S.K.: 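One structure, as structure tokens, below. Some questions next.
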Amino acid sequence: MLTQELSQTTSDSVVPNAPAPSFAASSGPSQPPSSDAISIPAPASVPGIEPGTPLTLHDRFTLETHTTFNPGAFAVPAAEAGITMAHPPDHFPREWSDGPGAFGRIYGATFARHTTGGLSHFAVAAVFREDPRYYPSASTNPVARFIHVLAFTVIDRSDSGRRTLAISNLSGSLAGGFVGMTFYPDGFNDTTHALQRSSLELANFAGHNLTAEFSPEITRILHKFHFPDHLADAFLPPDRKIAQSQP
């Protein structure tokens, strides 16, 4: 024991004030990911939300309001209303298919569907601990990216990063479809038409994912037409991707 202490003292005197090794640049040997771990890029941030961080209830509400009430959310119902008036369903009442009043009714009904779907999505995602952000494909193949968009509409991520059934998307779609039963005219306020509107709302969730997935390409196109960045940001989904590479 005395010999060891003398040896330690000699060693300390030879190298005085030796700096402690720094581990800031390295976290040691990487641990193999568990079977549930998913390596995916972080989604873009919205005000007050850092990419890749766990979401608080306030963060979730901020993200949802930016998604549900951005300028694009007001433009899409207008487009749908115009298409419906150009090709009205059979037996659609005249007050719902002709004139400014008809446009206003259809616009209001469509906006109510989107809003109900979005807020229901927010609530269910919070209850079931789903991550409401869209996580893009790591592939550069357009077909693979498109398949990822469709798959992510029904299978998304939990807060822990696990794959999970997108209960929030499905619930939001059903809520958005069935809310119309309270104000659509007779003949269009039944379960069959409600399910049809639910399918449209699920397609709306897929459209959000599609826009988020291909937002880099969309941004480049907008830049070619000298579209202002702040205006492009207002129309593109707030959780669009910010990098192609894996983190």
Side-chain angles (χ1 to χ4, degrees), residues 30-46 48-68 70 73 113-179 194-195 197-215 236-247:
S30 59
Q31 297 296 325
S34 66
S35 58
D36 291 326
I38 299 172
S39 180
I40 45 182
S45 62
V46 295
I49 302 176
E50 292 298 325
T53 59
L55 298 179
T56 64
L57 186 62
H58 179 269
D59 292 337
R60 290 172 179 273
F61 187 74
T62 299
L63 178 62
E64 188 57 52
T65 53
H66 276 75
T67 301
T68 303
N70 67 20
R113 190 190 82 216
H114 289 327
T115 303
T116 302
L119 295 179
S120 299
H121 169 269
F122 152 75
V124 174
V127 170
F128 286 90
R129 309 304 300 173
E130 289 182 39
D131 189 335
R133 294 169 290 189
Y134 175 74
Y135 288 89
S137 170
S139 174
T140 57
N141 185 299
V143 175
R145 293 170 68 189
F146 182 73
I147 293 174
H148 176 82
V149 164
L150 297 181
F152 206 92
T153 305
V154 292
I155 303 292
D156 59 9
R157 305 286 187 256
S158 68
D159 283 349
S160 63
R162 298 179 179 180
R163 297 181 184 274
T164 184
L165 180 66
I167 300 176
S168 58
N169 286 352
L170 300 176
S171 299
S173 299
L174 288 173
F178 276 84
V179 72
L195 289 174
R197 291 190 292 270
S198 296
S199 299
L200 289 175
E201 192 58 26
L202 186 62
N204 181 66
F205 283 113
H208 168 276
N209 293 348
L210 185 68
T211 306
E213 175 66 40
F214 290 94
S215 61
L236 291 173
D239 55 343
R240 65 191 183 277
K241 70 176 177 178
I242 55 176
Q244 278 287 102
S245 61
Q246 296 283 357

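Scope of the values below: all heavy atoms of this structure, side chains included, with no hydrogens, waters or symmetry mates. Note that the coordinates shown come from a computational prediction; the quantities given were computed from them, not determined experimentally.
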S.K.: If you define the side chain from C-beta out and look only at heavy atoms, does anything of Arg133 sit under 4.5 Å from Leu55?
M.R.: yes

S.K.: Side chains of Val124 and Leu170, heavy atoms from C-beta outward: is any pair under 4.5 Å?
M.R.: no

S.K.: What distance separates Ile155 CD1 from Leu150 CG, expressed to the nearest 0.5 Å?
M.R.: 12.5 Å

S.K.: Within the distance-only criterion (no hydrogens, no angle test), does the side chain of Glu130 pair as donor or acceptor with the backbone N or O of Asp156 below 3.5 angstrom?
M.R.: no

S.K.: Run the ring-ring contact (aromatic ring centres under 6.0 Å, His included) test against Phe152 and tell me which residues pass, sequence neighbours left out.
M.R.: Tyr134, His148

S.K.: Is any side-chain heavy atom of Asn209 closer than 4.5 Å to one of Phe146?
M.R.: no

S.K.: With a 4.5 Å cut-off on side-chain heavy atoms, are Asn204 and His208 touching?
M.R.: no

S.K.: Are the side chain of Asn169 and the backbone of Thr153 linked by a donor-acceptor contact shorter than 3.5 Å?
M.R.: yes

S.K.: Are any side-chain N or O atoms of Ser198 and backbone N or O atoms of Ser173, one a donor and one an acceptor, separated by less than 3.5 Å?
M.R.: yes

S.K.: Quick one: does Thr68's side chain have a donor or acceptor within less than 3.5 Å of a partner on Thr65's backbone?
M.R.: no

S.K.: Between Ser137 (side chain only) and Arg145 (backbone N and O only), is there a donor and an acceptor less than 3.5 Å apart?
M.R.: no

S.K.: Name all residues meeting the salt bridge (charged side-chain N to carboxylate O under 4.0 Å, His left out) criterion together with Arg113; count only those two or more places apart in sequence or in a different chain, and write none if there are none.
M.R.: Glu80, Glu201

S.K.: In chain order, what residues pass the ring-ring contact (aromatic ring centres under 6.0 Å, His included) check against Phe128, with sequence neighbours excluded?
M.R.: none

S.K.: For the atom pair OG (Ser215) and CD (Glu213), what is the distance rounded to the nearest 0.5 Å?
M.R.: 8.0 Å

S.K.: Can you confirm whether the side chains of Asp59 and Thr56 place a donor and an acceptor under 3.5 Å from each other?
M.R.: yes

S.K.: Please determine whether salt bridge (Lys or Arg N to Asp or Glu O under 4.0 Å) holds for the pair Arg129 and Asp159, giving the CA-CA distance in whole Å, both sets of side-chain angles, and the decisive distance to 0.1 Å.
M.R.: CA-CA 6 Å; Arg129 309 304 300 173; Asp159 283 349; 3.0 Å; yes

S.K.: Looking only at atom types and distance, does a side-chain atom of His121 sit under 3.5 Å from a main-chain N or O of Gly117, one as donor and one as acceptor?
M.R.: no

